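Before any comments, here is the structure.
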Amino acid sequence: MEREEFLSLYRHSIAHVLAKAVIELYGKEVQYAIGPQIEDGCYYDFVIPKAVTTDDFKAIEDKMREILRRKEDWTCKEISRADALELFKDQKFKTELIRDLPEDEKLTIYYTGDDYVDLCRGPHVTNSQDLLNVAFQVKSVSSAYWRGDEKRDSLQRIYLYVFPSKDELKAHLKWIQEALERDHKKIGPAQDLFMFQETAPGMAYWLPRGWKMYQELLRYSREIQDRHNYEEISAPLINNKKLWLISGHWAHYVNNMFLVPGVTEGTEATDSMMVGEKNYSIETPDTMAAKPMNCPNAMMAYKRTVHSYKELPIRYSEFDVIHRKEKSGQMNGLFRVQEFRQDDDHTFVTEEQIKDEILDIISIADEIYKTFGVTYRAEFSTRPDDFMGDIEVWNKAEAALKEILDQKYGEGGYEINEGDGAFYGPKIDLQIKDALGREWQCGTVQLDFQLPHNFELTYQDKDGSMKEPVVIHRAIFGSLERFIGILTEHFKGAYPFWMCPYQVALVPIREEHNEYAHKVADKLQAAGIRVEADCTDANMKEKIKKFKMYKDPFIVVMGDKEAAENTVSINVRGSNKQIQNVPLDRFVEECVKMNKERTLDLPEAID
RNA sequence: GCUAGAGUAGCGCAGUCGGUAGCGCAACUGAUUCGUAAUCAGUAGGUCGAGGGUUCAAGUCCCUUCUCUAGCUCCA
């Protein structure tokens with residue numbers, strides 16, 4: 001049997017055992033919904049009269065083991081729709097599932113023993129005995145909405161780890177443990193890169209070391225964008241409500257925006273407005289809002305003057321700070337924050353230019369991701385039901401995107417999410433995994449037919465007629481914050497040389513070697529290398545320990561010998577060996593080269 | 001927002017049955033001047049996330065609230 005099938009069979013069967021255990025523990029009034037397998041096990045969704053907590057995990061596991069030891073037979077039966085409805089008449093979720101299946105669908109049910117039955121396609125084991133060697137453990141409990149809809153029932157979801165053997169379960173738990181050590185929320189503050197503080201939830205403080213890295217990423221982004229003829233702008237961080245009314249954000253996004261209420265003395269709050277079912281009455285004519293996106297300002301920058309078709313594409317990039325208010329419980333370290341910068345761009349193109357422009361964007365993405373050695377997965381999201389604009393334009397745009405994706409990743413080399421595009425246009429998202437295997441959207445390329453329309457943007461075409469440009473929104477890092485979070489976990493805090501806050505750390509052995517240390521520091525600095533030195537009277541082991549903690553790529557120790565011979569002794573990050581007797585000039589040269597080439601790995605030797 | 005968990009010195013943690021808050025590292029002072037990840041000695045550091053309640057007495061029990069973590073939903 002293939003491993004996949006094996007896992008599926010066992011994990012899915014264990015889910016049934018979990019449901020049976022929960023019912024035996026908490027009574028017949030338990031409502032059980034669905035229990036699929038997932039990457040590291042399975043889960044099952046329930047309505048349980050009591051809240052399940054970590055204290056209950058052991059009881060659940062024990063009950064499951066007890067059930068397995070009964071060695072009950074699993075029997076499968078085909079059943080009519082009517083009989084199924086009768087059988088599950090007390091189970092509201094099962095009833096809904098049955099009703100949603102096509103009339104002629106053959107229904108199967110599985111009995112585990114004779115007192116537990118579940119609606120299920122199967123297949124399953126034939127006797128609980130087959131599951132006795134399977135290793136499982138309750139992982140966690142969380143709330144989950146029935147059918148993923150927050151307006152419907154809130155269920156208790158119990159997650160299990162399930163593996164074919166104890167060893168594999170153990171290995172998996174160890175992997176999780178190691179992943180936690182890569183956690184950027186631990187590494188970041190430990191290396192003095194960034195921190196969070198209660199008075200500004202979801203908004204990072206960038207500390208001196210982290211800010212150096214941040215600036216380095218910006219520098220890299222600018223370097224590439226210059227090469228591709230992007231022009232950088234910067235625009236107001238807060239804008240009057242009028243702008244958001246035009247862009248549509250007030251109607252579609254106001255719940256995610258930080259408002260700056262009007263405070264002009266004597267101004268009546270006359271301008272109340274219904275958004276959904278909420279009445280915003282605090283507004284005055286001078287109500288402002290922090291920008292959650294850069295697009296409206298970019299539209300205004302374009303609109304300041306008339307444009308000829310000869311000017312297009314026009315690429316306005318910007319790195320301004322944006323704010324998005326999130327519901328509590330949604331924040332997650334740097335992965336999900338309320339204040340961040342994107343490597344954002346709005347490109348204004350003619351319809352004919354869409355394809356070439358997107359090819360160029362993808363080539364930029366490939367270049368950038370390759371520099372970091374991270375891999376990504378592309379997702380294509382197409383026209384949703386509530387789309388706006390001309391369906392012909394949509395079709396053309398989707399066809400163009402699809403052609404690019406097929407060409408680039410091959411058919412089936414990317415995921416298609418039908419109907420998942422934005423109401424204003426289709427999009428391509430680039431997803432990257434974190435240490436725990438969770439995927440985060442980083443890069444995004446979105447076509448927009450709506451904003452140019454709302455802002456009445458035009459260009460004058462060859463024949464003298466005024467036409468509407470298409471806007472491409474794109475970001476490669478996505479948000480700098482999220483990307484740095486991803487990189488931190490990817491590199492476990494040992495970043496590539498070129499982006500490290502400090503690239504070389506200097507350790508003079510005794511105070512009399514400080515003079516030589518200053519000379520080395522000056523030389524490196526003059527060559528554009530970020531260098532830090534510890535010229536205190538601490539002993540060298542302490543100095544080395546501190547710089548190891550910061551994961552500086554090169555720790556250079558210098559004593560009598562080095563000062564006399566004008567050389568350096570290099571302790572390379574990740575290795576206990578030293579590279580000795582390297583002439584100072586040769587070392588500087590090597591550092592400059594690594595910066596220029598943005599080398600991923602550190603050298604084992606410097607000849 | 002929902003479910004569960006967590007919050008004690010800068011960091012990592014201990015604190016039993018409710019009885020005056022402790023350890024290690026880091027910091028500071030002094031000694032040590034050292035060849036590749038923890039030299040020695042001393043000193044200082046806390047409104048126990050915040051607010052309220054119970055009690056003679058609360059880090060500990062109860063309520064409210066904030067922040068963080070995992071997951072759900074939503075998103076870059």
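Letters go in sequence order (proteins before strands), and every chain restarts at 1. Because the structure is a prediction, the values reported are computed rather than measured. Heavy-atom basis, side chains included; hydrogens, waters and symmetry copies ignored.
B/A37 sits 35 Å from B/G49 when the C1' atoms are compared, rounded to a whole Å. On the P atoms, B/C48 is 10 Å away from B/A9, given to the nearest whole Å. Taking atom P in both B/G10 and B/A4, the straight-line distance is 31 Å, to the nearest Å. B/U16 and B/U33: their C1' atoms are spaced 48 Å apart (whole Å). Spacing between B/C61 and B/U55 at atom C1', rounded to whole Å, works out to 10 Å. Annotation: B/U60 and B/U54 have their P atoms spaced 15 Å apart (nearest Å).
The separation between A/Met331 atom CE and B/C75 atom P is 17 Å, rounded to whole Å. One can place CD of A/Gln441 at 13 Å from P of B/C74, the figure rounded to the nearest angstrom. Between the CG atom of A/Leu180 and the C1' atom of B/A6 there is a distance of 14 Å, rounded to whole Å. Whole-Å rounding puts the A/Arg157 CZ to B/A70 P distance at 17 Å. In this structure, A/His252 atom NE2 and B/C74 atom P are separated by 17 Å, rounded to whole Å. Spacing between atom CD of A/Gln338 and atom C1' of B/A76 amounts to 14 Å, rounded to whole angstrom units. For the pair A/Asp552 CG and B/A37 C1', the interatomic distance rounds to 14 Å; values are reported in whole Å. If you take NZ of A/Lys186 and P of B/A70, they are 12 Å apart, rounded to a whole angstrom.
Nucleic acid contact class of A/Lys185 (heavy atoms, under 4.0 Å, all strands): sugar-phosphate only. Using a 4.0 Å heavy-atom cutoff across all strands shown, A/Gly329 reaches at least one base atom of the nucleic acid.
Remark: A/Arg324 is not positioned above the aromatic ring of A/Phe340, lacking an NZ or CZ atom under 6.0 angstrom from the ring centre and at most 45 degrees off the axis. Figure legend: cation-pi geometry between A/Arg157 and A/Tyr44 absent, as NZ or CZ is not positioned both under 6.0 Å from the six-membered ring centre and within 45° of its axis. A/Tyr230 carries A/Arg315 over the face of its six-membered ring, with the cationic atom under 6.0 Å from the centre and within 45° of the normal.
Judged by atom type and distance alone, A/Lys541 does not reach the base of B/A37 through any side-chain donor-acceptor pair under 3.5 Å. Residue side chain A/Glu562 reaches the base of B/G35 through a donor-acceptor N/O pair under 3.5 Å, judged by distance alone.
Along RNA chain B, the nucleotide nearest A/Thr444 and the nucleotide nearest A/Phe57 are compared for position; the residue whose nucleotide lies closer to the 5' end is A/Phe57. Summary of the strand contacts: A/Ser143 and A/Cys442 both lie near RNA chain B, and taking for each the nucleotide with the nearest heavy atom, the more 5' one is attributed to A/Ser143.
Checking the phosphate oxygens (OP1, OP2) of B/C34, a side-chain nitrogen or oxygen of A/Arg510 falls inside 4.0 Å. Applying the 4.0 Å criterion to OP1 and OP2 of B/C75, one finds that A/Asn256 has every side-chain N and O outside that range.
Using a 4.0 Å cut-off between charged nitrogen and carboxylate oxygen, A/Lys325 and A/Glu339 do not count as a salt-bridge pair. Salt bridge A/Arg510/A/Asp560: present, at least one basic N to carboxylate O contact under 4.0 Å.
Listed candidates were B/A37, B/C74, B/C34. Nearest to the side chain of A/Glu326 is B/C74. Residue A/Tyr159 places its side chain closer to B/G71 than to any other of B/G71, B/A76, B/G35. Distance from the side chain of A/Ser569 is smallest for B/U36 among the nucleotides B/A38, B/G35, B/U36.
Taking the six-membered ring for Trp, A/Phe46 and A/Tyr32 have ring centres at least 6.0 Å apart.
Evaluation of A/Phe340 against the base of B/A76 yields a stacking contact (centre distance < 5.5 Å, interplanar angle < 30°).
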